[in-house]
Amino acid sequence: MSDRINASAESEACTWCGVTVEADDGYRLAEPAGERRAAFCRLEHVVPWALQGARWEAGRIADPADVGQTLERCAHCGAELPDTRLLLVRHRGEHRVPDAFCSVDHLGAWARAGGRWG
Ligand SMILES: [Zn+2]
Ligand SMILES: [Zn+2]
């Protein structure tokens, strides 16, 4: 699968705690405008990461448009997304569940409240 443009097709380390995040599990976060990304083993690890300064790695994740989803509003506050929007994609087996956020603050608040299922 070396021709996959989706770098998240491989396992990687959680940006917060360092455990291995399998390709079909966990969360991938990106700020496309800044070409930077992060990975999380579970949603709970987004919370301290957002609170303590949001460390990023250079790179991209797959665009949610590639999985047939268009995101126009912040999942937390409902505002229209700025150019600096963040994309968080949950990987669950074959499924990719994206949400978008206007800021790291709102991503953190959403994660703290339990995310989609909070
Ligand atoms: Zn973790
Ligand atoms: Zn927001």
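Each ligand, and each atom within it, is numbered from 1 in the order the structure gives.
Taking backbone and side-chain atoms together, Cys102 has an N/O/S atom less than 2.8 Å away from the Zn ion (ligand 2).
Computed with the Zn ion (ligand 1) at the centre, the Cys17 SG to Cys41 SG angle is 110°, stated to 10 degrees.
Atom ND1 is the N, O or S atom of His45 at the shortest distance from the Zn ion (ligand 1). Sorting the N, O or S atoms of His106 by how far they are from the Zn ion (ligand 2) puts ND1 first.
The OG1 atom of Thr15 sits 9.0 Å away from the CH2 atom of Trp56 when rounded to the nearest 0.5 Å.
A salt bridge links Arg37 with Glu12: the distance from a Lys NZ or Arg NE/NH1/NH2 to an Asp or Glu carboxylate oxygen falls below 4.0 Å.
Ring to ring, Phe101 and Trp110 are close: their centroids are under 6.0 angstrom apart.
The salt bridge (charged side-chain N to carboxylate O under 4.0 Å, His left out) with Glu31 is formed by just one residue from the set Arg85, Arg60, Arg36; it is Arg36.
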